[in-house]
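Quick note: numbers below take in every heavy atom, side chains included, and nothing from hydrogens, waters or symmetry partners. Quick caveat, the model's predicted, so the values are computed rather than measured.
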There are 2 protein chains.
Amino acid sequence: MRTDTVYKKAFNRAASMLRDGQLAGELPSENELRRRMCVSRTTVRKVLRELVHRDLITERDGLRATGRAVNDNDYYPDAETTPRAKHVEQQFMEWMLRGDTRPGTSINELELARQFGVATNGIREFLIRFSRFGLIEKRPNIGWLFKGFTEEFALELFEIRVMFELRSAHLFSQQPDHSPLWIKLAALKLAHTELLEQIETRFHDFSSLDNQFHRLINEASPNRFIDDFYDIISFIFHYHYQWNKKDEKQRNKAALLEHIGYIDALQSRNSARIAKACRTHLASAKATLMRSLIALEE
Amino acid sequence: MRTDTVYKKAFNRAASMLRDGQLAGELPSENELRRRMCVSRTTVRKVLRELVHRDLITERDGLRATGRAVNDNDYYPDAETTPRAKHVEQQFMEWMLRGDTRPGTSINELELARQFGVATNGIREFLIRFSRFGLIEKRPNIGWLFKGFTEEFALELFEIRVMFELRSAHLFSQQPDHSPLWIKLAALKLAHTELLEQIETRFHDFSSLDNQFHRLINEASPNRFIDDFYDIISFIFHYHYQWNKKDEKQRNKAALLEHIGYIDALQSRNSARIAKACRTHLASAKATLMRSLIALEE
DNA sequence: AGCATGAACTTTATCCATAAAAAACAACTT
DNA sequence: AAGTTGTTTTTTATGGATAAAGTTCATGCT
């Protein structure tokens with residue numbers, strides 16, 4: 001059966017809105033709620049029904065108003081708000097990164113399905129999606145081959161990344177003065193310096209900034225293939241960092257400084273300087289990834 | 001139920017081998033046949049059983065020998081030798097390229113499933129695989145968006161293609177003299193000149209040569225992401241040419257000449273000359289694609 | 001021991017079923 | 001007419017079943 005994670009997530013969202021007082025007094029219409037929560041009206045109605053049922057809101061003469069205060073245990077647990085497909089992704093990445101999965105291993109859909117507690121269909125869909133990351137390969141009628149999260153992989157990944165980023169950074173710097181992206185860039189620079197000041201406590205926030213920055217650079221001259229490639233990068237780094245916490249603060253601090261240098265270079269519009277800053281930053285990102293891959297191979 | 005296309009294809013293959021006399025006299029062991037036909041022994045045995053049943057081979061004391069002559073209607077029809085997934089691909093491409101499918105259309109899994117006569121699962125798997133081509137996009141819980149086989153698509157595609165090909169051609173030219181790829185390149189050049197002489201009748205063969213050539217260039221310094229990207233190119237061109245036959249001979253002749261110039265440039269190892277030949281060729285490939293896209297939009 | 005066949009077992013490709021979520025339709029209300 | 005809510009229809013996400021194809025185990029023959 002399809003999971004009701006959409007509903008549960010929406011319910012939690014609504015509960016938070018009630019708690020924060022965003023929905024104080026008389027509630028907005030179903031359509032308005034639908035827009036705010038980005039789900040269908042069908043789901044909104046389901047949420048409202050449950051809210052009424054739990055007395056979190058009251059309904060009289062077709063008018064809805066806030067009810068009793070929201071309690072911590074009114075919320076559905078987080079695990080129930082993520083769709084199966086996402087769980088499969090997480091479990092697979094865990095299996096791949098933490099397990100002793102060696103390059104050349106073959107991947108068995110049925111086995112993973114049993115291990116993860118889902119139907120084979122879900123596994124297969126995930127693997128098809130995941131195959132674009134270049135880490136697995138399908139052999140028809142036989143199964144999937146795990147090619148390994150190896151040094152070679154990282155080298156190939158970064159070769160492309162450098163090509164793309166140099167191209168995007170160059171085009172970014174050639175934008176007209178009045179492009180709104182310059183403003184965004186300045187804002188991002190500020191966010192960087194702020195984070196740098198509070199690096200001791202907030203170093204986890206770097207990841208989001210990193211993403212925003214690299215995506216911004218691509219925005220100047222969009223290319224869907226470059227965007228898609230950056231999805232791979234994000235994905236890999238997301239899980240990689242989840243797994244490798246070593247020196248995180250130190251690494252993020254260094255990267256922040258590199259970003260700032262890179263932003264300065266962009267603002268200078270000096271091609272050679274931009275290329276240099278870009279290469280420096282990517283080289284250190286690559287070195288970080290490579291170091292942990294070597295750790296993996298032990 | 002799973003289709004028995006593997007068996008049917010293997011059967012046809014075996015029938016052809018019998019007909020060509022490749023299996024004259026006493027037949028090889030099941031294992032040997034398995035190796036030659038690239039299927040499992042289970043399938044080989046199924047084929048053998050049917051061959052015996054039809055008297056195409058005889059079996060006595062566990063020894064198998066050729067039987068009656070193979071007839072044209074011993075073969076299974078071609079359509080039955082292609083798996084469902086491939087059919088879906090073909091039908092989808094037909095739907096996309098020939099139908100009046102406009103950019104922005106949303107794709108309905110259920111509708112396509114009904115139209116193509118397959119389960120929704122098959123459609124969905126295809127769409128996931130196909131999504132890497134940048135022509136469709138998934139919106140969770142809602143469906144797929146067809147972004148259109150547009151001019152913009154072609155521009156983005158070729159921007160990447162040029163970057164990758166310049167990089168690969170450059171690295172190719174820097175290989176040591178004794179690299180076996182130089183021999184392959186010379187052989188390919190010969191194949192080009194031969195085809196050029198017989199262009200009037202054999203112009204369809206260009207497609208295969210084109211593929212071999214571009215893949216060869218990538219071989220010098222392999223990168224899985226570049227290979228994957230070239231899969232997109234091949235796929236697009238495969239279907240595109242199937243649909244657009246206009247001026248095919250003329251176009252292929254021109255491309256052959258460009259290839260030859262490009263090969264000469266590579267052999268000269270002169271960077272500037274290589275880049276020029278590469279750009280020239282890709283520019284004309286791009287122009288061809290663009291012309292037919294414009295035709296599509298009418 | 002090494003290879004051939006036979007039989008049993010496992011995994012993939014494919015279809016079908018169904019609850020959840022989205023969308024479309026209908027009837028009201030202001 | 002535009003925005004509400006109630007109802008019905010359609011579509012997606014997910015589980016389950018099964019024949020085909022692949023793999024492994026067992027037996028027998030040189």
- On DNA chain C, check which nucleotide each of C38(A) and T5(B) is closest to and give me the residue with the more 5' one.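 Its nearest nucleotide being more 5', the pick is T5(B).
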- Message: Pick the closest DNA chain C nucleotide for A85(B) and for V6(A) by heavy atoms, then say which residue is nearer the 5' end.
- Response: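 Residue closer to the 5' terminus by nearest nucleotide: A85(B).
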Got a salt bridge between [X] and [Y], using NZ or NE/NH1/NH2 to carboxylate O under 4.0 Å?
X	Y	answer
E32(A)	R35(A)	yes
E30(A)	R45(A)	yes
K86(B)	E89(B)	yes
R132(B)	D231(A)	no
K9(A)	D78(A)	no
D72(A)	R19(A)	yes

- Along DNA chain D (nearest heavy atom to each residue), the more 5'-positioned of D4(B) and N141(B):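 The answer here is N141(B).
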- 5'-most contact on DNA chain D: E30(A) or N108(B), nearest heavy atom basis?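 Its nearest nucleotide being more 5', the pick is E30(A).
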- First and last nucleotide of DNA chain D touching chain A, 5' to 3', heavy-atom cut-off 4.0 Å?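 Both ends considered, the range comes out as dT4(D) to dT23(D).
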- Query: What are the bounds, 5' to 3', of the part of DNA chain C that sits under 4.0 Å from heavy atoms of chain A?
  - Reply: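 Nucleotide range with atoms under 4.0 Å of chain A: dT11(C) to dA24(C).
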[X] near the nucleic acid: base, sugar-phosphate alone, or nothing, with a heavy-atom cut-off under 4.0 Å?
X	value
K138(B)	sugar-phosphate
I107(B)	sugar-phosphate
T43(A)	sugar-phosphate
S29(B)	sugar-phosphate
K9(B)	nothing
R34(A)	nothing
R139(A)	nothing

- Query: To the nearest 10 degrees, how far apart in direction are the end axes of the helix from dA1(C)-dT30(D) to dT30(C)-dA1(D), each fit to five base pairs?
  - Reply: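 Inter-axis angle at the ends, rounded: 20°.
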- Gap between atom CD1 of I128(A) and atom OG of S131(B) - 0.5 Å precision: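 So the OG of S131(B) and the CD1 of I128(A) are separated by 9.5 Å.
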Can you tell me if [atom1] on [X] sees more than 12 non-hydrogen neighbours from other groups inside 6.0 Å?
X	atom1	answer
R139(B)	CZ	yes
E219(B)	CD	yes
E50(B)	CD	yes

- Query: So L127(A) and I123(A), side chain to side chain contact (heavy atoms under 4.5 Å, CB included) or not? Walk me through it.
  - Reply: CA-CA 6 Å; L127(A) 293 174; I123(A) 299 290; 3.8 Å; yes
